[in-house]
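What follows is one structure encoded as C-alpha cells, with my remarks underneath.
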Protein chains: 2
Amino acid sequence: MPQRKRATIREVAKATGLSPAAVSYALRGMQVSEETQRRVRRAAAELGYEADPIARALASGRTGMIGVLCGSLEDLWQQSLAVGIGRTLREKDHYALILDAAGDPDRESTLARQLRGVDGLIVQPVDPAAAFWAQLADSLPIVVIGDALKDARTAAEVVFDNHSGVTMSLEYLRAMGHRRVAVLTPTRAGTPDRPADRHVTDEAQRLGLEIEVVTCPQGLAPATEVARAILGGQDRPTAVFCFSDSIAYGVLMAANALDLHVPRDVSVMGYDDHPMSELLGLTSVNWNLDGIVQAAVRLVIAAADGTIRRRRITQEPFLRDRTSVGAV
Amino acid sequence: MPQRKRATIREVAKATGLSPAAVSYALRGMQVSEETQRRVRRAAAELGYEADPIARALASGRTGMIGVLCGSLEDLWQQSLAVGIGRTLREKDHYALILDAAGDPDRESTLARQLRGVDGLIVQPVDPAAAFWAQLADSLPIVVIGDALKDARTAAEVVFDNHSGVTMSLEYLRAMGHRRVAVLTPTRAGTPDRPADRHVTDEAQRLGLEIEVVTCPQGLAPATEVARAILGGQDRPTAVFCFSDSIAYGVLMAANALDLHVPRDVSVMGYDDHPMSELLGLTSVNWNLDGIVQAAVRLVIAAADGTIRRRRITQEPFLRDRTSVGAV
DNA sequence: TCGTATCAGTGAACCGTTTAACTTCAGGGT
DNA sequence: ACCCTGAAGTTAAACGGTTCACTGATACGA
C-alpha cells in the first residue's frame, strides 16, 4: 500500500511558527487568542491535518468509542436497536463498536472482558446474573438495556417492564379464549431462567393457562425448525407466545409450511414489535425502540463524561393488536 | 468513575525481572525462549495484564479495526450484510466499525474522509463515481462491494453482475405478460444514475416494456409512502420491480393498505433476497449474502496484511421464484 | 512605583506499546 | 586459540498527540 503520509501536529506547528502544544490548544479552542486560532485552523486546513484519533486516545485516555454489546443480532429488533444506537452516537460525535454475543453467555463474557479502548458500554445482556459484570462495571461506565444486572453498579439502566409485558400478553391470549399455549423464549445456554421466564410460569398459573416453555435460537431458520416440531406434533397448542418478533416470524414460517392458517388454526403473538410485524399482521408487544435508543445514548455519553452518577429508566410496553391472534 | 487501574507492561516486566521489550516479545511468541515465554505468560495472567489496544495501535500502526461503510442500513439486506461482516471479522480477530451513509452521498463522503484509525475499509458505495474514493484508496486498502469505484485503485472488488440481475428480472416479468412496470430504485441524492439504473432503461426498451422509474428511500415507512402514490394512481402498472427487498416490503404494505391483492392485482419483484422474503413469498433476485461476506472479509484482511495486490470477484445472481409475481 | 493578576504561549513529561539496533554469551567449526 | 554464528535479551527511540507547570509580557489597581 502506498499509505500516503498524513500531516502531524508538529508540521502544523512549524508552519505557523508555534509550538505543538499551542496548536493542540488552538484546534480545540482553548487558551489561545482568537487570532492565533484562525491562523492555526487555516494552516491545518491547508496541510490537510486532522488529529490522529489513536494518538489522541492514548494521550487523553478517551477514544470516543462506545461498545454496543448485543444479546443476539440474529434478532431483527436488536439489529434495529444497534443500527439506531450507531446512528445516534454518530450524531453526537462518537463511534459505536457493535458486538454480538449471539445468545451465548460465554461469548458474551469473552467479548465483554476483552473489550478495551472504549469510553463506555451499552449492553443488552444475555446473562444479567453473570458475576463478571460487577467487576467490569467499576472499570467502565455501563448502560444496560433490558434486564438490570445483578449487583453491578451500572451507570444507568433502561429496564423493560417485562412483568407488565408478559401479563398483558397472557391476559390477552386468555381473553381470546386460549388455554393451551406454547411459549418460545430465546436460548441462553447455561443461563438461569430470566425473571421474565419465571413470570410467565407464574402468570400462566394465575390465569389457569396450560403452558409449555421451549427455548429457541433467535433467527428465522432455526426458529422455524423449533416451531415446526411444536405445531407439527399432535395435541398442538392453540396459541404460541414468542419472546421476540424474529422467533414469531419463524413460527409463521412453520405454520405456512404446515398449511396452518393464522390465526384460524393457530394464534401467534410476538414481542418487541419490529416494523415488519405491521406488514405481517403480527400482534406484538411494543417497546418504543426509538425512545430506548435515545435514552441509552444520552445516558452512556453522560456517564462517560462523568456527569451522572446513577439513573434508572423504566420502559412501559403497550400491546399492538393486529391479526395474528384470534379467538379459539 | 472508579476506573480500576489496569496493569501495564512495565509492571509485568518488573514482576519477571525482564525488560518491557522482552515481555512484549514474549507475549507475542517471538525471539524469547519457551521457558521465559511461560514465565511471562503466567505473570501476565496473575496481574491480569492485557495489552492496551490503543497504545499498541499507536506503536504498531495497526488497530485491528476495519471500517464497514454501508450505503443504507435502513435496508434490511445491508443490515444482514453488516452483521455478517461484523461476526466474520470477529472470528478473525478483528473489529468492525460499522458506519451508515443512509443513502446520502454527502454523508458518505464525510464519513469516509473522517475515517481514521482503521486498517482497511469495506464499502458498499452510494456514489461509486465520487472523486474522493481515488484519494482515499491510496491511503487505505479498500474492498468495495456492489459497484466498482470509478478509477480508484481499490485493493479488491466484489462486484455484482447487476446487468445479469436486471436482465433476468425484466425478462421474467415480460414472460409473465407484464408490459407496464414501475421501477423503484433507492434514492441517492445528487448522484448520477447508476449503471444498473441505466441498464434497466435499456433492457426495458429491448423487451418492449413501458417503464416508469421512481426513486425511493430505503426503509419500510417511506417506501410505503412512495408505493402508495404509484399503486393508488389511475393507470396503475401491472408490476413493480424494486431494487431492494426492503423497498419491496414497502410496496407490499401499500398494496395491503389499498386492498390490492398480490399478485392478482399487482405483481411485486424484489432484489437481494432477504430471509424474510421467503416468509412473505416475495419473488426476488438472490445475491448469496454469505459468500459475499466471506469474500469481503478475507480480502480486506489480506489487503491490510499486504498479501494481495488487486483482485476482482464477480457475483452471479439467480432468480428466486416465489409467489409475488403472477401472470397478468 | 511596585506588586500582582491575566493572557498567550512554551517546554517537557507522559500515555503504553512496538521495534530497530545493539550487547552478551555460549557453542561450533577450523 | 580464533572467528563466526545464532539465540536471548536489553536499550532507547519512536508513535502523535495532550497536559502540567512554567515564563514573559502586558495591563491594572493601589
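Numbered from 1 within each chain, the chains take letters A, B, ... in sequence-line order.
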All N/O pairs under 3.5 Å across the protein-nucleotides 11-13 of chain D interface:
none

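Between Ser24(A) and dG17(D) there is no side-chain N or O to OP1 or OP2 distance below 4.0 Å. Close to dG9(D), at under 4.0 Å from its OP1 or OP2, lies a side-chain N or O of Thr36(B).
Summary of helix geometry: the two end axes of the helix from dT1(C)-dA30(D) to dT30(C)-dA1(D), each defined by five base pairs via their C1' atoms, are inclined to each other by 40° (rounded to 10°).
Rounding to whole angstrom units, CZ of residue Arg39(A) and C1' of dA8(C) are separated by 11 Å. Note: CD1 (Ile54(A)) to P (dC15(D)) measures 15 Å, nearest angstrom. Taking atom CZ on Arg116(A) and atom P on dC15(C), their separation rounds to 14 Å, with Å as the unit. Here the C1' atom of nucleotide dT10(D) and the CG atom of Leu18(B) are 10 Å apart, to the nearest Å. Rounded to an integer number of Å, the gap from Met30(B) CE to dG6(D) P is 18 Å. Between the CD atom of Glu34(A) and the P atom of dA8(C) there is a distance of 9 Å, rounded to whole Å. Between the CD atom of Glu35(A) and the C1' atom of dC7(C) there is a distance of 15 Å, given to the nearest Å. For Asp52(B) and dC15(D), the CG to C1' distance is 13 Å, given to the nearest whole Å.
The two residues Ile9(A) and Pro20(A) make their nearest non-hydrogen contact at CD1-O, 3.7 Å. Pairing each heavy atom of Val40(B) with each of Thr16(B), the nearest pair is CA-CG2, 4.1 Å. Heavy atoms only, all atoms of each residue included: Asp119(A) and Thr63(A) are closest at OD1-N, 2.9 Å.
For Arg311(A), the CZ atom is loosely surrounded, since the number of other residues' heavy atoms within 6.0 Å does not exceed 12. Surrounding CZ of Arg107(A) are more than 12 heavy atoms belonging to other residues, nucleotides or ligands, all under 6.0 Å away.
Residue Ser33(B) has its side chain nearest to dG9(D) when only dG16(C), dG9(D), dT19(C) are considered. Minimum atom distance to the side chain of Arg28(B) is reached by dT19(C), of the listed dT19(C), dT18(D), dG16(D).
In terms of polar N and O atoms assigned as donor or acceptor, the side chain of Arg10(B) comes within less than 3.5 Å of the base of dG16(C) in a complementary pairing.
Contacts of Arg188(A) classified as side-chain contact (heavy atoms from CB on, under 4.5 Å), with partners at least two apart in sequence or in another chain: Val126(A), Thr185(A), Pro186(A), Thr191(A), Arg194(A), Asp197(A).
A donor-acceptor pair under 3.5 Å links the side-chain atoms of Gln37(A) to the main chain of Val32(A), judged by distance alone. A donor-acceptor contact shorter than 3.5 Å is absent between the side chain of Arg87(B) and the backbone of Glu91(B).
Using a 3.5 Å distance cut-off with no hydrogens or angles, the side chains of Arg298(B) and Gln294(B) do not pair a donor with an acceptor.
The 5' end of DNA chain D is approached more closely, in terms of each residue's nearest nucleotide, by Val23(B) than by the other of Ser60(B) and Val23(B).
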